[in-house]
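Remarks on the structure that follows.
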Amino acid sequence: MGKRHSKQNTSSSVFTYAERQMTDYGTKTQRLGLDSKRKFDACQLCLATARTPMLCTKGHIFCRECVFQNVLEQKQQIETAKREYAAFVKQLQRETAASEEAKEAKEMENYAKRKVGISIETKKRKVEDGDKDEKRKKHVKLLEDKSDRRLESPQALEKTENIIPSNDESKEMTVQRSFWLPSKAPEAKQTVADPSERTVQCQSSSPHALKIKDLTAVEFRTLDSGEKLCPSCDKAFSNSTKIDVLKRCGHALCHRCVVNFVEPASACFVCQKKVVSKDVIRLDSDGTGFSGGGGQMVATRYDSALQA
(Lines give C-alpha, C1' and ligand atoms only; values in the text may rest on other atoms or scores of the structure.)
Protein backbone atom coordinates (compact mmCIF):
# COMPACT_ATOMS: atom_id res chain seq x y z
CA MET A 1 0.00 0.00 0.00
CA GLY A 2 1.43 3.35 -1.04
CA LYS A 3 2.05 6.27 1.25
CA ARG A 4 -0.99 8.49 1.78
CA HIS A 5 -0.89 12.02 0.51
CA SER A 6 -0.51 14.80 3.11
CA LYS A 7 -3.89 16.31 2.13
CA GLN A 8 -5.58 13.01 3.06
CA ASN A 9 -3.69 12.55 6.31
CA THR A 10 -6.23 13.17 9.10
CA SER A 11 -4.42 11.42 11.95
CA SER A 12 -2.51 14.56 12.95
CA SER A 13 -3.46 16.44 16.13
CA VAL A 14 -3.66 19.74 14.24
CA PHE A 15 -5.27 20.81 10.97
CA THR A 16 -3.18 21.09 7.88
CA TYR A 17 -3.53 24.08 5.57
CA ALA A 18 -5.68 22.11 3.10
CA GLU A 19 -7.97 20.85 5.86
CA ARG A 20 -8.36 24.31 7.32
CA GLN A 21 -9.33 25.73 3.91
CA MET A 22 -12.06 23.10 3.54
CA THR A 23 -13.70 23.99 6.86
CA ASP A 24 -16.29 26.72 7.37
CA TYR A 25 -14.92 28.18 10.59
CA GLY A 26 -11.87 30.09 11.73
CA THR A 27 -10.21 33.19 10.33
CA LYS A 28 -9.37 33.04 6.63
CA THR A 29 -7.39 35.50 4.55
CA GLN A 30 -7.11 35.74 0.79
CA ARG A 31 -5.15 38.17 -1.34
CA LEU A 32 -7.27 40.08 -3.81
CA GLY A 33 -6.17 40.03 -7.43
CA LEU A 34 -6.97 42.05 -10.52
CA ASP A 35 -10.37 40.46 -11.00
CA SER A 36 -11.44 41.60 -7.52
CA LYS A 37 -10.61 45.27 -8.16
CA ARG A 38 -12.43 48.00 -10.01
CA LYS A 39 -10.43 49.34 -12.95
CA PHE A 40 -9.14 52.89 -12.75
CA ASP A 41 -11.34 54.00 -15.67
CA ALA A 42 -14.47 52.13 -14.52
CA CYS A 43 -17.61 54.03 -13.52
CA GLN A 44 -18.40 54.05 -9.81
CA LEU A 45 -22.08 53.39 -10.56
CA CYS A 46 -22.27 50.90 -13.45
CA LEU A 47 -18.74 49.45 -12.93
CA ALA A 48 -18.19 49.41 -16.70
CA THR A 49 -15.59 51.41 -18.58
CA ALA A 50 -16.72 55.02 -18.23
CA ARG A 51 -18.36 56.45 -21.34
CA THR A 52 -17.68 60.20 -21.58
CA PRO A 53 -15.92 60.05 -18.18
CA MET A 54 -16.68 62.73 -15.59
CA LEU A 55 -14.57 63.32 -12.46
CA CYS A 56 -15.71 64.79 -9.13
CA THR A 57 -13.56 66.90 -6.86
CA LYS A 58 -12.43 63.82 -4.87
CA GLY A 59 -11.21 61.88 -7.91
CA HIS A 60 -14.19 59.52 -8.37
CA ILE A 61 -14.94 58.77 -12.01
CA PHE A 62 -18.41 58.27 -13.51
CA CYS A 63 -20.12 57.94 -16.85
CA ARG A 64 -21.71 61.23 -17.86
CA GLU A 65 -25.12 59.59 -18.27
CA CYS A 66 -24.88 57.64 -14.99
CA VAL A 67 -23.89 60.59 -12.81
CA PHE A 68 -26.51 62.93 -14.33
CA GLN A 69 -29.26 60.35 -13.83
CA ASN A 70 -28.13 59.66 -10.27
CA VAL A 71 -28.05 63.37 -9.39
CA LEU A 72 -31.54 63.83 -10.85
CA GLU A 73 -32.92 60.87 -8.86
CA GLN A 74 -31.39 62.19 -5.63
CA LYS A 75 -32.91 65.64 -6.22
CA GLN A 76 -36.32 64.07 -6.81
CA GLN A 77 -36.01 62.07 -3.58
CA ILE A 78 -35.07 65.22 -1.65
CA GLU A 79 -38.07 67.10 -3.09
CA THR A 80 -40.38 64.21 -2.17
CA ALA A 81 -38.97 64.17 1.37
CA LYS A 82 -39.53 67.94 1.65
CA ARG A 83 -43.18 67.57 0.62
CA GLU A 84 -43.72 64.74 3.11
CA TYR A 85 -42.09 66.79 5.86
CA ALA A 86 -44.28 69.82 5.05
CA ALA A 87 -47.42 67.63 5.19
CA PHE A 88 -46.25 66.16 8.50
CA VAL A 89 -45.70 69.63 9.98
CA LYS A 90 -49.19 70.75 8.89
CA GLN A 91 -50.76 67.62 10.39
CA LEU A 92 -48.87 68.21 13.63
CA GLN A 93 -50.06 71.81 13.75
CA ARG A 94 -53.68 70.71 13.20
CA GLU A 95 -53.44 68.13 15.99
CA THR A 96 -51.90 70.69 18.34
CA ALA A 97 -54.63 73.23 17.53
CA ALA A 98 -57.35 70.60 18.05
CA SER A 99 -55.93 69.59 21.43
CA GLU A 100 -55.70 73.25 22.47
CA GLU A 101 -59.33 73.83 21.45
CA ALA A 102 -60.47 70.73 23.36
CA LYS A 103 -58.54 71.87 26.42
CA GLU A 104 -60.02 75.35 26.22
CA ALA A 105 -63.55 73.95 25.80
CA LYS A 106 -63.04 71.73 28.85
CA GLU A 107 -61.87 74.69 30.90
CA MET A 108 -64.90 76.73 29.80
CA GLU A 109 -67.22 73.87 30.73
CA ASN A 110 -65.67 73.53 34.17
CA TYR A 111 -65.88 77.29 34.66
CA ALA A 112 -69.56 77.28 33.68
CA LYS A 113 -70.30 74.47 36.15
CA ARG A 114 -68.52 76.29 38.95
CA LYS A 115 -70.26 79.54 38.06
CA VAL A 116 -73.73 77.99 38.13
CA GLY A 117 -72.89 76.09 41.30
CA ILE A 118 -73.16 72.56 40.00
CA SER A 119 -70.79 70.55 42.15
CA ILE A 120 -72.73 67.34 42.63
CA GLU A 121 -70.66 65.44 40.07
CA THR A 122 -67.47 66.60 41.74
CA LYS A 123 -68.67 65.38 45.11
CA LYS A 124 -69.66 62.02 43.66
CA ARG A 125 -66.28 61.69 42.02
CA LYS A 126 -64.53 62.41 45.32
CA VAL A 127 -66.64 59.76 47.05
CA GLU A 128 -65.81 57.21 44.35
CA ASP A 129 -62.09 58.02 44.59
CA GLY A 130 -62.27 57.61 48.34
CA ASP A 131 -63.95 54.19 47.96
CA LYS A 132 -61.25 53.09 45.54
CA ASP A 133 -58.51 54.18 47.94
CA GLU A 134 -60.22 52.30 50.75
CA LYS A 135 -60.48 49.12 48.65
CA ARG A 136 -56.83 49.44 47.65
CA LYS A 137 -55.80 49.76 51.30
CA LYS A 138 -57.83 46.68 52.18
CA HIS A 139 -56.19 44.70 49.40
CA VAL A 140 -52.69 45.76 50.52
CA LYS A 141 -53.53 44.83 54.09
CA LEU A 142 -54.83 41.46 52.90
CA LEU A 143 -51.53 40.76 51.11
CA GLU A 144 -49.57 41.76 54.21
CA ASP A 145 -51.64 39.48 56.39
CA LYS A 146 -51.15 36.66 53.90
CA SER A 147 -47.35 37.09 53.98
CA ASP A 148 -47.38 37.21 57.79
CA ARG A 149 -49.44 34.06 58.10
CA ARG A 150 -47.12 31.96 55.97
CA LEU A 151 -45.34 30.97 59.15
CA GLU A 152 -48.62 30.07 60.87
CA SER A 153 -50.64 26.88 60.60
CA PRO A 154 -51.74 25.56 57.17
CA GLN A 155 -55.40 25.96 58.17
CA ALA A 156 -55.01 29.73 58.67
CA LEU A 157 -53.16 30.08 55.40
CA GLU A 158 -55.90 28.17 53.58
CA LYS A 159 -58.57 30.48 55.01
CA THR A 160 -56.63 33.51 53.83
CA GLU A 161 -56.15 32.13 50.29
CA ASN A 162 -59.87 31.37 49.99
CA ILE A 163 -60.69 35.09 50.23
CA ILE A 164 -61.65 36.21 46.74
CA PRO A 165 -61.31 39.93 45.95
CA SER A 166 -64.21 41.85 44.46
CA ASN A 167 -64.57 42.54 40.75
CA ASP A 168 -63.11 46.03 40.99
CA GLU A 169 -60.12 44.83 43.01
CA SER A 170 -59.40 41.96 40.62
CA LYS A 171 -59.65 44.36 37.67
CA GLU A 172 -57.13 46.74 39.25
CA MET A 173 -54.78 43.84 40.02
CA THR A 174 -55.00 42.66 36.39
CA VAL A 175 -54.26 46.11 34.99
CA GLN A 176 -51.32 46.62 37.32
CA ARG A 177 -49.72 43.23 36.63
CA SER A 178 -50.37 43.03 32.87
CA PHE A 179 -47.58 45.40 31.91
CA TRP A 180 -47.19 43.66 28.52
CA LEU A 181 -50.58 44.85 27.25
CA PRO A 182 -50.41 47.23 24.26
CA SER A 183 -52.58 49.74 26.11
CA LYS A 184 -49.92 49.99 28.84
CA ALA A 185 -46.96 50.22 26.45
CA PRO A 186 -45.48 53.65 25.71
CA GLU A 187 -46.53 55.15 22.41
CA ALA A 188 -43.94 55.92 19.75
CA LYS A 189 -44.84 59.15 18.04
CA GLN A 190 -44.41 59.33 14.30
CA THR A 191 -41.50 61.56 13.35
CA VAL A 192 -40.17 62.70 10.00
CA ALA A 193 -36.60 63.94 9.63
CA ASP A 194 -36.12 67.46 8.37
CA PRO A 195 -34.67 67.15 4.81
CA SER A 196 -33.66 70.81 4.57
CA GLU A 197 -30.00 69.93 5.16
CA ARG A 198 -29.91 66.98 2.75
CA THR A 199 -27.73 67.43 -0.31
CA VAL A 200 -26.82 65.39 -3.37
CA GLN A 201 -24.08 62.92 -2.41
CA CYS A 202 -21.37 61.24 -4.47
CA GLN A 203 -22.23 57.53 -4.66
CA SER A 204 -18.73 56.20 -3.95
CA SER A 205 -17.07 54.39 -1.06
CA SER A 206 -16.46 57.79 0.59
CA PRO A 207 -19.62 59.89 0.04
CA HIS A 208 -19.40 63.68 -0.09
CA ALA A 209 -21.39 66.60 -1.46
CA LEU A 210 -21.66 66.59 -5.24
CA LYS A 211 -22.59 69.34 -7.68
CA ILE A 212 -22.87 69.02 -11.45
CA LYS A 213 -20.96 72.26 -12.00
CA ASP A 214 -17.96 70.78 -10.11
CA LEU A 215 -17.65 67.79 -12.43
CA THR A 216 -14.71 67.67 -14.84
CA ALA A 217 -14.77 65.95 -18.24
CA VAL A 218 -11.72 63.66 -18.42
CA GLU A 219 -9.76 63.27 -21.66
CA PHE A 220 -7.60 60.13 -21.87
CA ARG A 221 -5.13 59.42 -24.65
CA THR A 222 -6.55 56.13 -25.92
CA LEU A 223 -5.10 53.73 -28.49
CA ASP A 224 -7.17 51.70 -30.95
CA SER A 225 -6.78 48.69 -28.65
CA GLY A 226 -8.45 50.60 -25.81
CA GLU A 227 -5.25 51.02 -23.81
CA LYS A 228 -4.88 54.43 -22.14
CA LEU A 229 -1.49 56.18 -22.11
CA CYS A 230 0.09 59.23 -20.55
CA PRO A 231 0.37 61.91 -23.30
CA SER A 232 3.77 62.98 -21.97
CA CYS A 233 5.79 59.81 -21.36
CA ASP A 234 3.62 57.26 -23.25
CA LYS A 235 3.37 55.14 -20.12
CA ALA A 236 0.37 52.79 -20.04
CA PHE A 237 -2.07 53.55 -17.25
CA SER A 238 -3.07 50.82 -14.79
CA ASN A 239 -4.56 50.60 -11.32
CA SER A 240 -1.13 50.96 -9.77
CA THR A 241 -0.38 54.18 -11.69
CA LYS A 242 -0.85 57.50 -9.91
CA ILE A 243 -2.95 59.45 -12.40
CA ASP A 244 -3.56 63.18 -12.09
CA VAL A 245 -6.32 65.02 -13.96
CA LEU A 246 -6.04 68.75 -14.71
CA LYS A 247 -9.34 70.36 -13.78
CA ARG A 248 -9.24 73.24 -16.29
CA CYS A 249 -8.67 71.14 -19.42
CA GLY A 250 -9.42 67.55 -18.26
CA HIS A 251 -6.20 65.97 -19.56
CA ALA A 252 -4.99 62.93 -17.60
CA LEU A 253 -1.24 62.56 -17.00
CA CYS A 254 0.86 60.40 -14.72
CA HIS A 255 1.92 62.01 -11.45
CA ARG A 256 5.62 62.04 -12.37
CA CYS A 257 5.00 64.05 -15.54
CA VAL A 258 2.83 66.49 -13.60
CA VAL A 259 5.67 67.06 -11.12
CA ASN A 260 8.37 67.33 -13.78
CA PHE A 261 6.60 69.30 -16.52
CA VAL A 262 3.23 70.74 -15.48
CA GLU A 263 4.05 72.24 -12.08
CA PRO A 264 7.30 74.01 -13.14
CA ALA A 265 5.63 75.55 -16.20
CA SER A 266 2.24 76.12 -14.53
CA ALA A 267 0.65 74.98 -17.77
CA CYS A 268 -0.82 71.80 -19.24
CA PHE A 269 1.65 69.69 -21.22
CA VAL A 270 -0.92 69.03 -23.97
CA CYS A 271 -2.92 72.23 -24.48
CA GLN A 272 -0.72 74.75 -22.60
CA LYS A 273 -3.63 76.03 -20.51
CA LYS A 274 -2.67 77.74 -17.28
CA VAL A 275 -2.69 75.36 -14.30
CA VAL A 276 -2.37 75.98 -10.57
CA SER A 277 -1.76 73.42 -7.85
CA LYS A 278 -5.41 73.29 -6.75
CA ASP A 279 -6.46 72.32 -10.29
CA VAL A 280 -4.74 68.91 -10.04
CA ILE A 281 -7.10 66.06 -9.01
CA ARG A 282 -5.79 62.59 -8.18
CA LEU A 283 -7.81 59.86 -9.90
CA ASP A 284 -9.15 57.36 -7.35
CA SER A 285 -8.00 53.77 -7.96
CA ASP A 286 -8.43 50.45 -6.15
CA GLY A 287 -4.97 49.14 -7.04
CA THR A 288 -3.70 45.56 -7.46
CA GLY A 289 -1.31 43.39 -5.52
CA PHE A 290 1.73 44.80 -3.74
CA SER A 291 1.84 47.79 -6.09
CA GLY A 292 -1.69 48.84 -5.27
CA GLY A 293 -2.38 52.53 -5.43
CA GLY A 294 -5.25 52.27 -2.95
CA GLY A 295 -7.82 49.98 -1.37
CA GLN A 296 -7.39 46.85 0.72
CA MET A 297 -5.26 44.12 -0.83
CA VAL A 298 -6.15 41.29 1.59
CA ALA A 299 -9.66 40.09 2.40
CA THR A 300 -10.18 38.61 5.87
CA ARG A 301 -13.18 36.62 7.06
CA TYR A 302 -13.73 36.09 10.78
CA ASP A 303 -15.83 33.19 12.03
CA SER A 304 -16.16 31.00 15.12
CA ALA A 305 -13.06 28.85 15.58
CA LEU A 306 -12.75 25.33 16.99
CA GLN A 307 -11.39 25.46 20.52
CA ALA A 308 -10.37 22.61 22.78
Side-chain angles (χ1 to χ4, degrees), residues 31-73 200-208 210-297:
R31 187 169 298 277
L32 302 181
L34 180 62
D35 296 337
S36 303
K37 298 288 186 177
R38 181 185 60 84
K39 292 184 179 180
F40 69 94
D41 59 345
C43 174
Q44 295 272 356
L45 295 173
C46 66
L47 302 181
T49 302
R51 302 178 300 274
T52 314
M54 305 292 290
L55 197 71
C56 72
T57 56
K58 301 296 183 180
H60 304 126
I61 194 168
F62 303 92
C63 299
R64 182 186 180 91
E65 181 181 356
C66 293
V67 68
F68 280 12
Q69 183 179 1
N70 183 261
V71 170
L72 180 60
E73 290 178 355
V200 178
Q201 297 290 312
C202 175
Q203 302 298 312
S204 62
S205 57
S206 54
H208 59 89
L210 179 65
K211 296 181 180 179
I212 292 181
K213 65 179 182 180
D214 295 334
L215 295 174
T216 303
V218 184
E219 294 186 11
F220 289 106
R221 180 191 171 191
T222 308
L223 300 179
D224 296 338
S225 60
E227 188 178 19
K228 294 178 173 59
L229 306 177
C230 174
S232 175
C233 62
D234 292 341
K235 179 181 178 181
F237 287 154
S238 64
N239 281 28
S240 59
T241 307
K242 294 181 179 180
I243 306 171
D244 291 340
V245 178
L246 306 183
K247 187 175 181 180
R248 296 195 177 185
C249 59
H251 289 111
L253 296 89
C254 64
H255 179 66
R256 179 172 296 181
C257 292
V258 170
V259 173
N260 294 335
F261 304 113
V262 177
E263 292 183 354
S266 298
C268 176
F269 181 84
V270 181
C271 61
Q272 300 302 317
K273 278 191 177 181
K274 187 177 180 180
V275 176
V276 293
S277 58
K278 65 179 181 180
D279 292 336
V280 180
I281 304 175
R282 175 63 55 81
L283 182 65
D284 181 70
S285 176
D286 283 351
T288 57
F290 290 99
S291 59
Q296 189 178 5
M297 296 177 293

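The shown structure was predicted, so the numbers you read here are calculated from the model rather than taken from an experiment.
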Discussion item. Taking side-chain hydrogen bond (donor to acceptor under 3.5 Å, both in side chains) as the definition, give me every residue that meets it alongside Asn70, ordered by chain and number, with sequence neighbours left out.
Written reply: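 For Asn70, the residues satisfying side-chain hydrogen bond (donor to acceptor under 3.5 Å, both in side chains) (neighbours in sequence not counted) are Gln74.
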Worksheet item: What residues form a side-chain hydrogen bond (donor to acceptor under 3.5 Å, both in side chains) with Arg248, not counting sequence neighbours?
Response: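 Counting only residues at least two positions away or on another chain, Arg248 forms a side-chain hydrogen bond (donor to acceptor under 3.5 Å, both in side chains) with Asp279.
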Worksheet item: If you take all heavy atoms of Thr241 and Cys254, which pair is closest and at what distance?
Response: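 Shortest heavy-atom contact: CG2-CB, 4.4 Å.
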Worksheet entry | Contact summary for Val218 and Ala252, nearest pair of heavy atoms |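 Scanning both residues, the minimum pair turns out to be CG1-CB, 4.3 Å.
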Item to complete: Indicate the ring-plane relationship of Phe220 and Phe237, choosing parallel, tilted or perpendicular according to the 30° and 60° boundaries.
Response: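 Rings of Phe220 and Phe237: perpendicular, over 60°.
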Nearest-0.5 Å distance, [atom1] of residue [X] to [atom2] of residue [Y]:
| X | Y | atom1 | atom2 | value |
| --- | --- | --- | --- | --- |
| Glu219 | Thr222 | CD | OG1 | 10.0 Å |
| Ile243 | Lys235 | CD1 | NZ | 9.5 Å |
| Leu253 | Cys233 | CG | SG | 8.0 Å |
| Leu283 | Leu55 | CG | CG | 6.0 Å |
| Arg256 | Asp244 | CZ | CG | 12.5 Å |
| Phe62 | Gln44 | CZ | CD | 5.0 Å |

Worksheet item: Any Lys/Arg nitrogen of Lys228 or Asp41 sitting under 4.0 Å from an Asp/Glu carboxylate oxygen of the other?
Response: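 Yes, this pair counts.
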Discussion item. Could you check whether Asp284 pairs with Arg38 (Lys NZ or Arg NE/NH1/NH2 to Asp/Glu carboxylate O, under 4.0 Å)?
Written reply: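 Between Arg38 and Asp284 there is a salt bridge, with a charged N closer than 4.0 Å to a carboxylate O.
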Worksheet entry | Trace of the side-chain hydrogen bond (donor to acceptor under 3.5 Å, both in side chains) decision for His255 with Arg282 | CA-CA 8 Å; His255 179 66; Arg282 175 63 55 81; 3.0 Å; yes
Discussion item. Strictly distance-based, threshold 3.5 Å: is any side-chain N or O of Glu263 a donor or acceptor partner for the main-chain N or O of Phe261?
Written reply: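 Between the backbone of Phe261 and the side chain of Glu263 there is no qualifying donor-acceptor contact (under 3.5 Å).
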Worksheet item: Checking Glu227 side chain against Leu223 main chain: does a donor-acceptor pair fall under 3.5 Å?
Response: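 No: the side chain of Glu227 does not pair with the backbone of Leu223.
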